[in-house]
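First comes the structure, then the notes that go with it.
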Number of protein chains: 2
Amino acid sequence: MFKTDLPPLPVSLPGGRGYAIHVAALREVPRLMAEAGLRTGRCLVVTDTNVATLYQASLENALREAGWTPKTIALPPGEATKAPGPLQRIYDDALAWGIDRKTPVLALGGGVVGDLAGFAAATLLRGLPFAQLPTTLIAQVDSAIGGKTGINHAVGKNLVGAFHQPRLVCVDLATLSTLPSLEWTSGLAEVVKHAFIADVDFLDFLETNWPAVLARETGVVGEMVYRAAGIKAVVVSEDEREQGRRAILNFGHTFGHAIERVAGYGQFTHGEAVALGMRAALHLSHRLHPDLPLERAYRLARQLPVRNRLADLPEAALTQAMRFDKKVEAGTLRFVVLRRLGEAYVTSEASQADVEAAWAFAREE
Amino acid sequence: MFKTDLPPLPVSLPGGRGYAIHVAALREVPRLMAEAGLRTGRCLVVTDTNVATLYQASLENALREAGWTPKTIALPPGEATKAPGPLQRIYDDALAWGIDRKTPVLALGGGVVGDLAGFAAATLLRGLPFAQLPTTLIAQVDSAIGGKTGINHAVGKNLVGAFHQPRLVCVDLATLSTLPSLEWTSGLAEVVKHAFIADVDFLDFLETNWPAVLARETGVVGEMVYRAAGIKAVVVSEDEREQGRRAILNFGHTFGHAIERVAGYGQFTHGEAVALGMRAALHLSHRLHPDLPLERAYRLARQLPVRNRLADLPEAALTQAMRFDKKVEAGTLRFVVLRRLGEAYVTSEASQADVEAAWAFAREE
């Protein structure tokens, strides 16, 4: 059994805005809120209807026992909820209920809930405190850490948003047991990405324990989540607003976002798109750094249980779609590539031929 | 003639986010943008159709001559534009046109345009650089300085928003010559408020020069705007996110917001409501500090050419409406009061009787 009394992972930020990532059960949330300096009173829980069925009652009970008055807003699950309509619903319900500037918002769910609730918290009364209570693997190791919040726009994902740091993150590993397998796979793509960009020892760990990872063995999963979240915590501590180092977290994402855009949102999960995008990004890395052990890297990337449907997508459309990426600056495409396993950087030196070769490679089954 | 080569007023903020308020003609904006470190390329101008008629062509010409590619979004004038629909229109137009994270947003207009365009800048691609080019008195001395941005909600004004600091503010005094008289009066209310809360010498200046102020004499107006903007710059430098001292800027506003709410938005201008709200706030200050020279203070407050229509509003509704103010914390009403002329602080010690007496006093013509 994996020990859950692990020390909190710190996210260091200037101006007293640092916070901790705790691996703890949801019933511990009121204690963690008190430790983070949040004052009891009303609090707003934002979740989706699937997660609400599983955890709303127990979270609300724990909050009430600690003296909080919670109100839960449960939205439809899925990416379509990261949109102006559901955001407006949170505004309407919160303001009609009555909140003040110290009312915390708790985001209970996956990346959609975290991004949406975080953006509502960023913009209600010009900023409410909030807590991330991630219940999916991708949220626990990635999206709930680092303060990126936002919604989608018809032109692209996450184009409207804000940086707004949580006051705490509480990772309850038990919530992973109920995760559908597609979401599990999506999360694994980000876990593998973290290893590729920052920690070759963690890459070894994943290679060694891959069958246990796929079988969701508790001990291995606990260590994996803790280490992956720790990588994210370090990177976002170094660069709060993505002006430099943090961009390495987008390894595979410039390709992945193009896949999602061309396929139509919802056709690929974000994790699937990233898994396939990493195949292209590994090839591009190898073009620029021929010493990179492509076979080893690609073997792990291919172990992600993702069906490769890239052949269905026109290559010209994929290349074109990359131009809409938020990371484009003054028309220049920038890519995250690996210099070696465990070390990534951003380059704008990839040629059109490099990019096309990367797409062609990724399309091969 | 008032000299316009005044030194810029600095707003000091941590993390290299300080900026300057320049008193300069709009044609100087491209030079000021370059000084603020903005890189030429595309830039988005947000304005209203009234202001566009007067200044869009000359601003765009100046920008083009300096190498910028401007695109102007002109929205309907008026408070109704501080709403989700116009915000979405900015998102749609900006994203369809093509922006990147370094594309500046220029807010050309009054408080509505500044708040809306600033909020769009705060939330597009998680934050674009922006510049405030205020063309109304209230914007030049108050709303364009300090980084408050946002839109209204049916429950109340400015309930959705963000703190997002401009990279520069450019105050063109010439734009005041075209200002309708109702907007002039609204601005004067904030000017007088600044004097009340922070600068008794400036109060003397206003008393001495009041006829010239009402006649909009260029020299007096220039000095008035510069001094009033300077007060705002100092206060927001001391407290970026309204966690303390900055609250004194809300002198008269808890009452004023209640007036706007009860009358129905648009029935009173913000400045009218603040002018009347200050009468109540002065009375409340005097109840708590009997040494305050109420007659002198009230004389200046009454000189603001605002028609007192408070008698039309039910007093019970006004008292009730104050409970919706953003500054309410844990159900306690907090008021800004004067300890003496030129010195304000926040108190939660006003009794229900004090508040009712203040309303009753303000209602007397």
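Convention: sequence-line order gives letters A, B, ...; per-chain numbering from 1.
- Side-chain contact between V155(A) and Y91(B) is absent, with no heavy-atom pair separated by less than 4.5 Å.
- When each of G127(A), G161(A), A162(A), G150(A) is scored by its heavy-atom pairs under 4.5 Å with chain B, the top score falls to G161(A).
- Residue contact with chain B, scored on non-hydrogen atoms closer than 4.5 Å, is absent for P14(A).
- The line from CD of E242(B) to CZ of R126(A) is 7.0 Å long, rounded to the nearest 0.5 Å.
- Contact of T149(A) with chain B is made through the backbone alone, with heavy-atom distances under 4.5 Å.
- To the nearest 0.5 Å, atom CG of residue L124(A) and atom CG of residue L159(B) are 8.5 Å apart.
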